[in-house]
Colleague: 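This is the structure I want to talk about, given as structure tokens.
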There are 2 protein chains.
Amino acid sequence: MAAQRDAGDGFTTDTAAPGVTPVEASVVRERARAIPEAAVARLAVYLRVLSDLSRDGVTKISSEELSVATGVNSAKLRKDLSYIGSYGTRGVGYDVDVLVGQIERTLGLTRQHSVAVVGIGNLGHALANYGGFPGRGFPVAALFDVDPDLMGVPVGGMPVHHVNDIRRVCAELEVTIGVIATPAQGAQNVCDSLVQGGVRCILNFAPVVLQVPDYVEVRKVDLAVELQILSFHVARRADQEQDAAFSSAHAAPQPGVASVPGVVIPR
Amino acid sequence: MAAQRDAGDGFTTDTAAPGVTPVEASVVRERARAIPEAAVARLAVYLRVLSDLSRDGVTKISSEELSVATGVNSAKLRKDLSYIGSYGTRGVGYDVDVLVGQIERTLGLTRQHSVAVVGIGNLGHALANYGGFPGRGFPVAALFDVDPDLMGVPVGGMPVHHVNDIRRVCAELEVTIGVIATPAQGAQNVCDSLVQGGVRCILNFAPVVLQVPDYVEVRKVDLAVELQILSFHVARRADQEQDAAFSSAHAAPQPGVASVPGVVIPR
DNA sequence: AACTGTGAAGCGTTTCACAGCT
DNA sequence: AGCTGTGAAACGCTTCACAGTT
């Protein structure tokens with residue numbers, strides 16, 4: 001079974017092959033990015049905020065300021081940035097453009113990644129038109145669907161291919177990232193075709209657990225799961241309010257306090 | 001600053017009130033969900049798989065079998081299930097329907113949650129039509145957009161309201177979960193309106209860090225971030241292949257091995 | 001004086017391994 | 001014999017706190 005991770009879990013990046021002693025493993029890891037997975041996700045967030053700041057003409061920023069802008073605690077933020085190198089100036093802060101460049105380099109955004117989107121429903125349309133990625137990008141190189149009526153119809157300025165051609169087209173265009181936005185049923189077949197076409201990274205929106213070889217990386221985004229997690233928090237909150245016999249006052253919605261950081265409601 | 005979590009971080013569930021001795025805490029914790037956040041996310045995954053199995057007539061399942069179906073290691077899986085109670089039978093396994101029921105109860109899916117979707121672009125359309133949530137659901141109760149041309153036009157069988165009416169309509173319909181699928185610019189205002197309308201849980205697709213009061217829970221799904229994380233892994237992999245001077249053989253796509261669990265490609 | 005960079009402590013999650021039940 | 005449920009160890013991530021630099 002291969003590495004497969006939902007949005008939202010800590011996990012092992014599984015670097016060392018089985019049979020390697022722990023002592024040697026750290027040596028084998030020579031240049032391998034020793035950046036915690038959790039930090040990688042946040043670097044992407046910093047990048048977006050920093051790109052915006054750069055566009056607005058901001059040139060210097062402290063970890064505290066960036067902390068406010070990103071919602072990430074400043075100690076964590078500094079540690080995250082330290083993983084990619086020492087690009088700050090003590091007593092001053094970070095140079096915004098330097099940071100943008102270094103994060104882009106770390107995330108591998110200096111090379112172009114061709115993206116294929118499979119499943120041109122509403123979600124696929126949304127993805128196909130998602131041109132506005134922050135700083136540089138992920139050109140969508142190919143679109144696929146099963147529906148013959150869609151063939152040739154340009155979506156976001158691109159023709160739609162049939163899913164049967166996934167392998168050939170992906171290989172030709174050297175697609176590096178595949179996005180699966182199909183219904184659950186077709187997802188595994190699509191996944192297989194993408195892998196056969198040379199795709200090694202997949203973003204999966206279909207509510208299925210994809211089976212892939214070990215060398216393929218899958219990330220999953222599951223809307224139902226996200227809603228259910230929120231549901232859990234609604235329920236937990238309701239329980240707490242019952243337990244603590246707070247008579248009334250905060251059961252009713254409280255108007256006028258939104259968006260003011262620091263407003264604390266009694267619990 | 002309030003609780004706000006990307007898909008992908010651990011954090012504190014913050015159960016016991018301060019000033020309670022550890023011994024009493026477990027008593028106080030009576031009903032309070034002491035379930036690790038990471039486990040909650042996985043429970044939602046188990047639920048989907050189990051619902052499918054139930055529909056297929058499967059009545060019993062072992063942790064090992066469920067492990068294969070969900071891609072979650074069986075020890076972790078058993079521990080996760082133990083958080084919601086002891087519903088397995090030693091020597092036998094779990095009753096599928098019992099598990100479905102207990103997970104639904106734990107996730108708070110026995111109550112209905114009204115969902116409001118704001119921003120009826122491609123993504124909003126996709127969400128509005130996302131009726132097919134696994135086992136029961138999240139009825140979408142209201143749609144909102146800024147575009148006057150959309151007002152009254154039914155989307156997924158529902159009329160679209162103007163964003164100016166978010167507060168009123170959400171309060172009237174007792175919306176518990178708000179989904180923000182607008183462009184970045186409008187998102188914070190929309191968020192404020194939702195909170196004023198009594199919404200306490202928000203799923204945010206807009207690429208901004210929302211500012212909310214402490215009592216509001218935000219989850220964020222950021223497509224660009226997901227792609228960038230994948231990009232990082234592409235880059236890391238490329239580095240590794242350079243490092244380890246593997247001459248050739250596995251640089252070219254390898255056909256015909258997809259979807260077979262257990263197939264291991266030499267690295 | 002201000003702010004970064006980082007060891008070390010703290011904490012939550014995962015994994016191990018086995019006792020306990022059927 | 002088989003499988004669950006769970007303490008305890010291992011691991012990774014976060015937070016603390018401060019030495020180091022400008």
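Residue numbering restarts at 1 for every chain, and letters A, B, ... go by the order of the sequence lines.
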Colleague: Please determine if a side-chain N or O atom of B:Ser63 lies less than 4.0 Å away from the OP1 or OP2 oxygen of D:dT4.
Modeller: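 Yes.
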Colleague: Roughly how many Å is it from CG in A:Asp95 to P in C:dT4, rounded to a whole number?
Modeller: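 Those two atoms, CG and P, are 13 Å apart.
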Colleague: Report yes if a side-chain nitrogen or oxygen of B:Arg78 is closer than 4.0 Å to either non-bridging phosphate oxygen (OP1 or OP2) of C:dT14; otherwise report no.
Modeller: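 No, outside the criterion.
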Colleague: Residues two or more places apart in sequence or in another chain: which of them pass salt bridge (Lys or Arg N to Asp or Glu O under 4.0 Å) with A:Arg90?
Modeller: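 By the salt bridge (Lys or Arg N to Asp or Glu O under 4.0 Å) rule, A:Arg90 matches no residue at all.
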Colleague: I'd like to check B:Leu47 versus B:Leu109 (side-chain heavy atoms, cut-off strictly below 4.5 Å). Are they in contact?
Modeller: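 Side-chain contact under 4.5 Å: yes.
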Colleague: Atom CD of A:Gln102 to atom C1' of C:dG5: distance rounded to whole Å?
Modeller: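 Interatomic distance, CD of A:Gln102 to C1' of C:dG5: 16 Å.
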Colleague: Write down the distance between CG (A:Leu77) and P (D:dT15), rounded to a whole number of angstrom.
Modeller: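 Atom CG in A:Leu77 sits about 12 Å away from atom P in D:dT15.
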Colleague: For a quick test of reading the model: is some side-chain N or O of B:Asn73 closer than 4.0 Å to OP1 or OP2 of C:dT15?
Modeller: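 Yes, such a contact exists.
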Colleague: Taking for each residue the nucleotide of DNA chain C with the nearest heavy atom, is it A:Lys79 or A:Tyr94 whose nucleotide lies nearer the 5' end?
Modeller: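 Its nearest nucleotide being more 5', the pick is A:Tyr94.
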Colleague: Rounding to a whole Å, what distance do you find between B:Glu37:CD and D:dG12:C1'?
Modeller: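 Atom CD in B:Glu37 sits about 18 Å away from atom C1' in D:dG12.
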Colleague: Give the nucleotide from the list C:dT14, D:dC13, C:dT13 with an atom nearest to the side chain of B:Lys76.
Modeller: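 Nucleotide nearest to B:Lys76's side chain: C:dT14.
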Colleague: In chain order, what residues pass the side-chain hydrogen bond (donor to acceptor under 3.5 Å, both in side chains) check against B:Tyr83, with sequence neighbours excluded?
Modeller: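 Checked B:Tyr83 against side-chain hydrogen bond (donor to acceptor under 3.5 Å, both in side chains); zero matches.
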Colleague: Tell me which pairs pass salt bridge (Lys or Arg N to Asp or Glu O under 4.0 Å) where either residue lies in residues 58-70 of chain A, with sequence neighbours left out.
Modeller: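 Found A:Lys60-A:Asp95.
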Colleague: Scan side-chain atoms only and decide if B:His233 and A:Glu37 contain a donor-acceptor pair under the 3.5 Å cut-off.
Modeller: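 A:Glu37 and B:His233 do have a side-chain donor-acceptor pair below 3.5 Å.
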Colleague: Give me, pair by pair, the N or O atoms of the protein and of nucleotides 19-21 of chain C that are less than 3.5 Å apart, along with how far apart they are.
Modeller:
{"unit_1": "C:dG20", "atom_1": "N3", "unit_2": "B:Arg90", "atom_2": "NH1", "d": "3.1"}

Colleague: Rounding to a whole Å, what distance do you find between A:Ile35:CD1 and D:dG12:P?
Modeller: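 Going from A:Ile35 (CD1) to D:dG12 (P), I get 16 Å.
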Colleague: Taking atom P of D:dT6 as reference, at what distance in whole Å does atom CG of B:Asp80 sit?
Modeller: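 After rounding, the reported distance stands at 13 Å.
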Colleague: In chain order, what residues pass the side-chain contact (heavy atoms from CB on, under 4.5 Å) check against B:Ala235, with sequence neighbours excluded?
Modeller: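 Checked B:Ala235 against side-chain contact (heavy atoms from CB on, under 4.5 Å); matches are A:Arg111.
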Colleague: Please give, in whole Å, the distance from C:dG5 C1' to A:Leu99 CG?
Modeller: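 Computing the A:Leu99:CG to C:dG5:C1' distance gives 14 Å.
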Colleague: The helix from C:dA1-D:dT22 to C:dT22-D:dA1: angle between its terminal axes, five pairs each, to 10°?
Modeller: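 The helix from C:dA1-D:dT22 to C:dT22-D:dA1 shows an end-to-end axis angle of 0°.
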Colleague: Where each residue is assigned the nucleotide of DNA chain D containing its nearest heavy atom, which of B:Glu64 and A:Tyr83 is assigned the position nearer the 5′ end?
Modeller: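 Final value for this comparison: B:Glu64.
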Colleague: Go through the structure and list residues passing side-chain hydrogen bond (donor to acceptor under 3.5 Å, both in side chains) with A:Ser54, not counting sequence neighbours.
Modeller: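 Partners of A:Ser54 by the side-chain hydrogen bond (donor to acceptor under 3.5 Å, both in side chains) criterion, ordered by chain and then number, come out as A:Asp97.
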Colleague: From CD of B:Glu65 over to P of D:dC3, roughly how many Å is that when rounded to an integer?
Modeller: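 Rounded to the whole Å, the gap is 8 Å.
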Colleague: Can you name the residues that form a side-chain hydrogen bond (donor to acceptor under 3.5 Å, both in side chains) with B:Ser63, not counting sequence neighbours?
Modeller: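 side-chain hydrogen bond (donor to acceptor under 3.5 Å, both in side chains) check on B:Ser63 returns B:Arg78.
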Colleague: Does A:Ala69 have any side-chain contact (heavy atoms from CB on, under 4.5 Å) partners at least two apart in sequence or in another chain, and if so, which?
Modeller: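 Here the qualifying residues are A:Val49.
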